[in-house]
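Convention: sequence-line order gives letters A, B, ...; per-chain numbering from 1. Because only heavy atoms are used, hydrogens play no part in the values below, and waters and symmetry mates are left out as well, while side chains stay in.
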Protein chains: 2
Amino acid sequence: MRLSRRLRQERTETELSGSQFSTLGWISTEGPLTIGRLAELERVTAPSMNRTVNCLVDAGYATRTASPDDGRKVIVSATEAGETIVLETRRRRDAWLAKRFAALTPAERETLAEATTILRRLTDQ
Amino acid sequence: MRLSRRLRQERTETELSGSQFSTLGWISTEGPLTIGRLAELERVTAPSMNRTVNCLVDAGYATRTASPDDGRKVIVSATEAGETIVLETRRRRDAWLAKRFAALTPAERETLAEATTILRRLTDQ
DNA sequence: TGTAACAAATTAGCCTTGCTAAAGATTCCA
DNA sequence: TGGAATCTTTAGCAAGGCTAATTTGTTACA
C-alpha cells in the first residue's frame with residue numbers, strides 16, 4: 001500500500017490513474033476483453049469496472065462493441081491512442097523505478113521478480 | 001494493488017479499514033506519535049492523516065493529547081482497546097495469509113521476506 | 001412456442017480516503 | 001514585539017471501491 005502511494009506521487013497530471021492504466025494494460029496486451037472478464041482480472045465488481053471503462057472510452061483510449069455471439073456482453077478494445085499511451089506511460093513510469101532499480105544488485109532484482117510470481121499465485125487462488 | 005484488493009475481501013465488517021489499521025499499528029508498536037509523523041510514515045498528507053486519526057479516536061482506539069513541549073503538535077496514543085484490536089485483527093488476518101503461506105516452501109517465504117526489505121528501502125528513498 | 005429463470009451490463013447512490021486550499025494555533029527569531 | 005514559519009484542523013473536491021436495482025439478452029423447459 002505504501003509503495004503504491006509512493007508511486008502515485010510520481011504520476012503526472014495528464015496520466016491515467018492506477019486502475020485505468022492497469023485495465024488498459026490488460027486489453028493492450030491480452031487483446032479485447034469483456035467487462036466481466038476485466039472485473040475478474042482486476043478483482044473488482046462489474047459496476048466498478050464499468051465506470052473505469054467509461055473513463056477510458058471518454059478519454060478516447062478504448063471502445064465498446066457488442067459481442068457478436070452474445071448480445072449481453074460488451075467487448076472492450078484499446079484504440080490506437082490507447083496502445084500508444086500504454087507504451088508511453090510504461091516508459092515514463094519505468095524511468096522512476098529504473099533509477100531505483102539501478103541501485104539494486106542483480107540478486108536483489110531477481111528476488112523481486114520471484115516475489116512477484118509468488119504473490120501472483122497467492123492472489124489467484 | 002490487486003493483492004490489497006484481495007486482502008480487503010477477507011476483512012469482516014467490524015474490522016478497521018486498511019489505513020486505519022496500519023496507522024493504529026504504528027502507534028501500537030512505535031509508541032505515541034504526532035499527526036505529522038504518522039502522515040510521513042503512511043506517505044499521506046497531514047489532513048488525510050488527521051481524518052484517519054479522527055476515526056480512530058471516535059472508535060475509542062486512540063487518544064489525542066497536546067504535546068507538552070510544543071503546543072502546535074498533537075500526540076496520538078493507542079488506548080487499551082486499540083492495543084487489543086491490533087493484536088486480534090493481526091491474528092485474524094494472519095489466518096488467511098497463513099493458510100496460503102503454509103502452501104509455500106521455506107525458500108519462497110524467505111524470498112518474500114527479502115522482497116519486503118528491498119521494497120521498503122525503495123519507498124523510503 | 002411461450003415463459004420463467006438466468007446472466008451481463010448498466011444506473012443510481014453511498015462510503016472511504018486520497019488531495020488542495022485556507023484558516024487557526026503556536027513557536028521562533030530578528 | 002511583530003512577522004514568518006510550523007503544525008493541526010476544517011472545508012470541499014475527486015477517484016474509485018461497494019451494493020441494490022434495472023435493463024437487456026439468452027437459455028431451458030413445460
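To the nearest angstrom, P of dT10(C) lies 13 Å from CG of Leu56(A). Distance, Phe21(B) CZ to dT16(C) P: 19 Å, rounded to whole Å. As rounded to whole Å, 12 Å separates atom P of dT10(C) from atom CG of Asp58(A). When rounded to the nearest whole Å, the span between CZ of Arg43(B) and C1' of dC19(C) equals 17 Å. Rounded to whole Å, atom C1' of dC18(D) lies 16 Å from atom CD of Glu42(A). The interatomic distance linking Met49(B) (CE) with dG18(C) (P) rounds to 8 Å, in whole Å. dA25(C) atom P lies 16 Å from atom CG of Asp70(B), rounded to whole Å. Taking atom NZ of Lys73(A) as the reference point, atom P of dT26(D) lies 11 Å away to the nearest angstrom.
Side chains of Leu41(A) and Met49(A) form no contact here, defined as non-hydrogen atoms less than 4.5 Å apart. Two residues are said to be in side-chain contact when any heavy atoms from C-beta on lie closer than 4.5 Å; Arg37(B) and Glu40(B) meet this criterion. Between Ile27(A) and Leu24(A), the closest side-chain pair of non-hydrogen atoms falls below 4.5 Å.
Considering only side-chain atoms of Ala46(A), the nucleotide from dT10(C), dC19(C), dG17(D) that sits closest is dT10(C). Candidate nucleotides dT20(C), dT9(D), dG12(D) were compared by shortest atom distance to the side chain of Arg51(B), and dG12(D) ranks first.
Of the two residues near DNA chain D, Cys55(A) and Val53(B), the one whose nearest nucleotide lies more 5' is Val53(B).
Dashed line: the shortest gap from a side-chain N or O of Asn50(B) to OP1 or OP2 of dT9(D) is under 4.0 Å. Dashed line: the shortest gap from a side-chain N or O of Ser48(A) to OP1 or OP2 of dG16(D) is not under 4.0 Å. OP1 or OP2 of dT17(C) lies within a sub-4.0 Å distance of a side-chain N or O belonging to Gln20(B). A sub-4.0 Å separation between OP1 or OP2 of dA8(C) and a side-chain N or O of Thr34(A) is absent. OP1 or OP2 of dG18(C) sits under 4.0 Å from a side-chain N or O of Ser19(B). The phosphate of dA15(D) has neither OP1 nor OP2 within less than 4.0 Å of any side-chain N or O from Ser17(A).
Not a single donor-acceptor pair, N or O on each side, falls under 3.5 Å between the base of dT27(C) and the side chain of Arg72(B).
The CG atom of Leu104(B) lies 6.5 Å from the CG atom of Leu112(B); values are rounded to the nearest 0.5 Å.
Of the N and O atoms on the side chains of Gln20(B) and Thr52(B), not one donor lies less than 3.5 Å from an acceptor on the other residue.
Using a 4.0 Å heavy-atom distance criterion, Arg64(B) is classed as a sugar-phosphate-only contact.
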